[in-house]
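Whatever order the structure lists them in is the order used to number ligands and atoms, beginning at 1. All residue numbers refer to positions in the sequence shown, counting from 1. Since the structure is predicted, the reported quantities are computational estimates derived from the model, not experimental observations.
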Amino acid sequence: MTITFIGHGYVGLVTAAVFADLGNTVYVIGHTKEKIENLKKGIIPIYEPGLTEIVKKNVDAGRLIPTLDYDPAIKESNIVFIAVGTPPLPSGEADLSVVYKVAEKAGEHLSGYTVFSVKSTVPIGTNEEVKKIVEKVKPQDAEVEVASVPEFLREGTAIADTLHPDRVVIGSDSQKAKDLLIELHKPLEAETVLTNLRTAELIKYASNAFLATKISFANAIAHLAEKTGADAIKALNAVGLDKRIGHRFLAPGAGYGGSCFPKDVSALISIAKDNDYDFKLLKEVEAINKQARDSIAQKAITMLDNDVNGKKIAVLGLAFKPDTDDMRFAPSIDVIKKLQEKGAKITAYDPEAQNNAKKLVSNVEFAENALDTVKGADLLIIMTEWNEFKEMDLEKVKSQMNEAQIVDSRNIFDPQEMKQQGFSYQGVGR
Ligand code: UGA
């Protein structure tokens, strides 16, 4: 099949590369010349394990075609995917301006029969708007139908998630459009959910909101465990052994970040409000998430006996999770700012996210590696659970530090072992 992706962020580029790898001809339309020229050379704008290799392989094979032009990409395509960003507006609503803009632009170039598929996360009813826009501008003899095909890939494991999804959701009011999309997704051998446009749109928000709710629930239990002397990790592990619950996304820590959960939870609250429903559960999910971030900074402050001014705090990990360079809504930003307000001097290190972090925090000294980061530190905070931190030589870490104190926001160390090693140690929920 010949298909087009408009947008080459995580969703657009990864999905485009995977479909190219499966043998399709895939255009990727961007709007920044430099980025498109880089993609043609196999240079990608994000850090994602395995992505450079799969992009390069398929660009070289001529199956993945980065371009700035809508023509001939749209004309030749059976399916056009919109995979542009829907960032949050100050109100919490999703900003749909780019979705509508590219739909209009692409619509003008349609030819023959095309399925227009929205992969971007969009509020319920957006696909119907897209259909109206495209219908208005398309050439008279072109036939277009719309489908919602939400994406469930995670950063850091994006290629494997795309190749082996738990489910493929195809929402459309047209059987012909559904059939074409079923055909495209067939090699993935995934369970396919066929539904209408609005239900597909809701599935995406409901999935992310539920996962965020699970994380906030775990953080609330962790908070309670700390107050009562119970061990939240043991408790949540036991809870998760119940197959109806499952243990994934029950790890307490610094709360969820990234470009999806924070934005999608607030967008769903907004969608609910527009429909006269006060989604109080999700408001509380957000409040607990904020509390989880705040409590990491508070643990550091307490460990330093409320005497933070002039203290040197080392931060290991900045990205919102490991195996990504993404800093969007990363808990590390809030924790660093809170400690800086109290006069702390921050030295930080992240294997991949440092360049992105530099744009979001100021007065931070960036180190070259973990050991340099902790040199002379009065306290160390683990903010992201990169593997290289799990394997650190703790004897060396201790010998470099001014005071052997650790706040471990991702529970990567064992409290007993840390005590034996001579650290003052605080995890989450233990
Ligand atoms: C999330 C969803 O997991 C994907 O299914 C979805 O496609 C994607 O959003 C999206 O909408 O595009 P992602 O944001 O890449 O994927 O990352 P996750 O692995 O879900 O982690 C999100 C945040 O939750 C991270 O900050 C992570 O540290 C935190 N988290 C995760 C916890 O605090 N505890 C957990 O148990 C799990």
Please indicate whether His185 has more than 12 foreign heavy atoms, meaning atoms of other residues, nucleotides or ligands, lying under 6.0 Å from its NE2.
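Yes, NE2 of His185 has more than 12 neighbouring heavy atoms, counting only those of other groups under 6.0 Å.
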Looking at Glu191, I'd like to know if its CD atom is crowded, meaning that more than 12 non-hydrogen atoms belonging to other residues, nucleotides or ligands lie closer than 6.0 Å.
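Not buried by this count: 12 neighbours or fewer within 6.0 Å.
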If I apply the N/O under 3.5 Å rule, does [X] come out as touching ligand 1?
{"X": "Ser259", "result": "no"}
{"X": "Gly258", "result": "no"}
{"X": "Val11", "result": "no"}
{"X": "Leu153", "result": "yes"}

Using a 4.0 Å cutoff against the non-hydrogen atoms of [X], which atoms of ligand 1 qualify?
{"X": "Arg410", "result": "28 (O), 33 (O)"}
{"X": "Glu155", "result": "15 (O)"}
{"X": "Phe249", "result": "19 (O), 20 (O), 31 (C), 35 (C), 36 (O), 37 (C)"}
{"X": "Phe152", "result": "4 (C), 5 (O), 6 (C), 7 (O)"}
{"X": "Glu151", "result": "7 (O)"}
{"X": "Lys204", "result": "6 (C), 7 (O), 10 (C), 11 (O), 12 (O)"}

Test of understanding: given a 4.0 Å heavy-atom threshold, classify the contact between [X] and ligand 1 as side chain, backbone, both, or neither.
{"X": "Phe261", "value": "side chain"}
{"X": "Asp161", "value": "neither"}
{"X": "Asn208", "value": "side chain"}
{"X": "Lys119", "value": "neither"}
{"X": "Lys321", "value": "side chain"}

Just to confirm my output: which protein heavy-atom neighbour is closest to [atom], and how far is it?
{"atom": "atom 25 (C) of ligand 1", "answer": "Phe320 CD1, 3.6 Å"}
{"atom": "atom 16 (O) of ligand 1", "answer": "Arg154 CG, 3.6 Å"}
{"atom": "atom 34 (N) of ligand 1", "answer": "Ala251 O, 3.0 Å"}
{"atom": "atom 31 (C) of ligand 1", "answer": "Ile215 CD1, 3.5 Å"}

So is Cys260 close enough to ligand 1, meaning a heavy atom under 4.0 angstrom away?
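It does; at least one heavy atom falls under 4.0 Å.
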Does ligand 1 have any atom sitting under 4.0 Å from a heavy atom of Gly257?
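Checking ligand 1 against Gly257, which is what was asked, there is a heavy-atom contact under 4.0 Å.
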Between the side chains of Glu128 and Lys131, is the shortest nitrogen-to-carboxylate-oxygen separation below 4.0 Å, so that they form an ion pair?
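Salt bridge absent between Lys131 and Glu128.
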Ion pair Lys299/Glu226, N-O distance below 4.0 Å:
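Yes, charged N to carboxylate O under 4.0 Å.
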So, does Asn219 use its side chain to make a donor-acceptor pair with the main chain of Ala292 at under 3.5 Å?
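Pair absent, no side-chain N/O of Asn219 close to backbone of Ala292.
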Does a donor on one side chain and an acceptor on the other come within less than 3.5 Å for [X] and [Y]?
{"X": "Asp372", "Y": "Tyr349", "answer": "no"}
{"X": "Asn363", "Y": "Gln340", "answer": "no"}
{"X": "Ser259", "Y": "Tyr10", "answer": "no"}

Per the side chain to side chain contact (heavy atoms under 4.5 Å, CB included) rule, which among Leu68, Val102, Ile74, Asp69 passes with Ile29?
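Among the candidates, only Ile74 passes.
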Does the ring of Phe366 carry Lys358 above it, NZ/CZ under 6.0 angstrom from centre and within 45° of its axis?
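Output yes; distance and angle both within limits.
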Let me see the working for Tyr256 and Val265 under side chain to side chain contact (heavy atoms under 4.5 Å, CB included), right down to the final yes or no.
CA-CA 11 Å; Tyr256 59 79; Val265 170; 4.0 Å; yes
Glu201 vs Arg198, salt bridge (Lys or Arg N to Asp or Glu O under 4.0 Å): CA-CA, chis, key distance, verdict:
CA-CA 5 Å; Glu201 291 166 332; Arg198 287 181 171 236; 5.4 Å; no
Verdict with reasoning, Asp278 to Lys283, per salt bridge (Lys or Arg N to Asp or Glu O under 4.0 Å)
CA-CA 9 Å; Asp278 186 5; Lys283 288 180 178 169; 2.6 Å; yes
